[in-house]
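Values reported hereafter were calculated over all heavy atoms of this structure, with side chains retained and with hydrogens, waters and symmetry mates removed. Counting starts at 1 for both ligands and their atoms, following the listed order. Residues: numbered from 1 along the sequence shown.
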Amino acid sequence: MKHSMMKLASSDRLFVLTGAGISAESGLATFRGSGGLWNGHRVEEVATLEAWDADPELVWRFYSMRRRDALAVEPNAAHIALARIEEKLGDRFYLCTQNVDDLHERGGSRRVHHMHGSLFQSRCVRCDKPFADQSFYETAAALPMCNNCGAPVRPHIVWFGEIPLDLDSIYAPLDRATVLLVVGTSGSVYPAAGFVHIARQRGIRTVYIGPEEPANAEAFSEVILGTATEVLPTLF
Ligand code: BV8
Ligand code: ZN
């Protein structure tokens with residue numbers, strides 16, 4: 001699988017968007033990979049405010065399982081390659097991820113924008129201040145309540161129907177980028193799947209890396225079919 005090295009000029013500004021595919025080779029299930037199912041629940045069923053209102057115990061068991069899974073795996077060569085590229089490019093590099101796992105940070109990335117939230121953060125539904133939290137809540141009796149006001153504490157995750165985090169701080173670097181690189185996402189969930197269309201309208205180079213064509217493949221100027229760990233370490 002021959003692909004050309006990506007030559008970046010000293011003036012180039014790189015915007016990188018990652019999805020579940022970049023963590024697949026670390027052993028974390030993707031959404032599509034697991035058929036979008038968890039315990040017989042469609043992910044969209046447990047990752048919504050409706051699900052939380054209906055059954056917070058079920059939702060906390062889902063995210064406690066995701067916390068256990070993420071703690072049991074290591075970042076892979078693709079995470080590490082992106083951390084190296086960040087070092088090389090400095091502020092000419094911006095990393096936005098749809099992933100809630102912390103493998104980018106554990107792979108050495110310093111600045112990572114988690115547009116869909118973070119697995120190891122929780123927040124009180126009333127106080128609304130995210131705090132670090134690695135605990136597991138797997139029984140009704142263990143459901144966390146706020147120490148400050150006593151209200152329920154939920155995962156600091158963006159669920160379907162909720163607005164992604166700090167979208168403006170994503171669109172600014174996207175508007176300044178000269179190259180958009182997208183890695184390991186099926187391109188089916190918006191607004192993330194729309195970033196390539198914005199980049200295309202700006203006429204910048206748009207590159208996709210993954211073992212199969214994403215749903216928005218037609219919007220990319222280049223599709224490099226290969227796994228993240230095969231392709232990313234050889235790109236720069
Ligand atoms: C919003 C956190 C309003 C939770 C997530 C109809 C049309 C268009 C849009 C909508 C619609 N109906 C509803 C919507 C909106 C909805 C949406 O897009 N739904 C889809 C299903 C149609 N979007 C929302 O609700 C968003 N909010 O719209 O608010 C708004 C917005 C903006 C401004 C104002 C108002 C919120 C969406 C966020 C939901 N939370 N995650 C959690 O993690 O539990 S989304 C979640 O699913 C992921 O974060 C990701 O974003 C998405 C899909 O996952 P992917 O990362 O792409 O993974 P997937 O499994 O799908 O694919 C894996 C890919 O990896 C594959 O392509 C595979 O080929 C590749 N791969 C596999 N192995 C490898 C690999 N690649 C490289 N190497 C490998 N080894
Ligand atoms: Zn509170």
Best match, Ser188, Ala215, Ala47: closest heavy atom to atom 22 (C) of ligand 1
Ser188
Considering the heavy atoms of Gly19, write down every atom of ligand 1 situated less than 4.0 Å from one of them.
56 (O)
Tell me yes or no: between the side chains of Thr229 and Glu25, is some donor less than 3.5 Å from an acceptor?
yes
Heavy atoms only: which of Glu213, His116, Glu25, Glu212 lies closest to atom 49 (O) of ligand 1?
His116
Kindly work out whether a path of hydrophobic side-chain contacts (I/L/V/M/F/W/Y, heavy atoms less than 4.5 Å apart) joins Phe160 to Leu165.
no
On a heavy-atom basis, I'd like to know which of Ile163, Val231, Thr227, Leu225 is closest to atom 30 (C) of ligand 1.
Ile163
Just heavy atoms, cut-off under 4.0 Å: does Val189 contact ligand 1 by side chain, backbone, both, or neither?
both
Taking the side chain as C-beta and beyond, is there a heavy-atom pair between Asp133 and His156 under 4.5 Å?
no
Under 3.5 Å between any N/O of Ala20 and any N/O of ligand 1: does that happen in this structure?
yes
Where on Ala228 is there a heavy atom closer than 4.0 Å to ligand 1, on the side chain, on the backbone, on both, or on neither?
both
Which of these, Pro164, Ala217, Pro211, Ser118, has its nearest heavy atom closest to atom 31 (C) of ligand 1?
Pro164
Tracing side-chain contacts under 4.5 Å among Ile, Leu, Val, Met, Phe, Trp and Tyr outward from Leu28 reaches Val73, Leu103
Numbered atoms and elements of ligand 1 in range of Thr185, under 4.0 angstrom, heavy atoms
55 (P), 56 (O), 57 (O), 64 (C), 65 (O), 67 (O)
I want to know if ligand 1 touches Asn99 in the polar sense, i.e. an N/O pair below 3.5 angstrom.
no
Looking at Asp53 and Glu50, would you say the former's side chain and the latter's main chain have a donor-acceptor pair under 3.5 Å?
no
Answer whether the closest heavy-atom distance between the side chains of Ser188 and Phe31 falls below 4.5 Å.
no
Just to check, does Pro214 reach to within less than 4.0 Å of ligand 1 when the distance is taken from its heavy atoms?
no
Tell me whether Val125 shares a hydrophobic cluster with Met145, the cluster being built from Ile, Leu, Val, Met, Phe, Trp, Tyr side chains joined at under 4.5 Å.
no
Is there a donor-acceptor contact under 3.5 Å from the side chain of Asp69 to the main chain of Ala72?
no
A student checking ligand 1 against Gly161 at a 4.0 Å heavy-atom cut-off should list atoms 24 (C), 25 (O)
Has Arg13 got a side-chain atom pairing as donor or acceptor with Asp91's backbone, closer than 3.5 angstrom?
yes
Examine Val158 and Val59 and state if one hydrophobic cluster contains both, with Ile, Leu, Val, Met, Phe, Trp and Tyr joined whenever side-chain heavy atoms are less than 4.5 Å apart.
no
Any nitrogen or oxygen of Phe62 lying under 3.5 Å from a nitrogen or oxygen in ligand 1? Just yes or no.
no
Any idea which atoms of ligand 1 are less than 4.0 Å away from a heavy-atom of Arg66?
42 (C), 43 (O), 44 (O)
Does a side-chain N-to-carboxylate-O contact under 4.0 Å join Arg110 and Glu86?
no
Going by the order shown, which atoms of ligand 1 are within less than 4.0 Å of some heavy atom of Ala24?
73 (N)
Nearest-0.5 Å distance, CZ of residue Arg205 to CZ of residue Phe220
13.0 Å
Residue Leu167 vicinity, atoms of ligand 1 by number, heavy atom under 4.0 Å:
32 (C), 33 (C)
Are Asp101 and Ser23 close enough that a side-chain donor and a side-chain acceptor fall under 3.5 Å?
yes
Go through the steps for Tyr94 and Ile170 under the test side-chain contact (heavy atoms from CB on, under 4.5 Å), then give the verdict.
CA-CA 9 Å; Tyr94 186 87; Ile170 294 175; 4.1 Å; yes
Kindly indicate whether a cation-pi arrangement holds for Arg67 with Phe136, taking the cut-offs as under 6.0 Å to the six-membered ring centre and within 45° of the axis.
no
Need the ligand 1 atom indices (1-based, order shown) with element for anything under 4.0 Å from a heavy-atom of Ile157.
2 (C), 4 (C)
Do you know how many protein N, O or S atoms are within a distance smaller than 2.8 Å of the Zn ion (ligand 2)?
4
Note: Val183, heavy atoms under 4.0 Å from ligand 1, region reported as neither
Mark up the atoms of ligand 1 that fall under 4.0 Å of a heavy atom belonging to Glu162, in ascending order.
1 (C), 26 (C), 27 (N), 29 (O), 36 (C)
In this structure, would Phe62 and Phe120 fall into the same cluster of hydrophobic residues linked by side-chain contacts under 4.5 Å?
yes
Under 3.5 Å, N or O to N or O, is Val158 touching ligand 1 that way?
yes
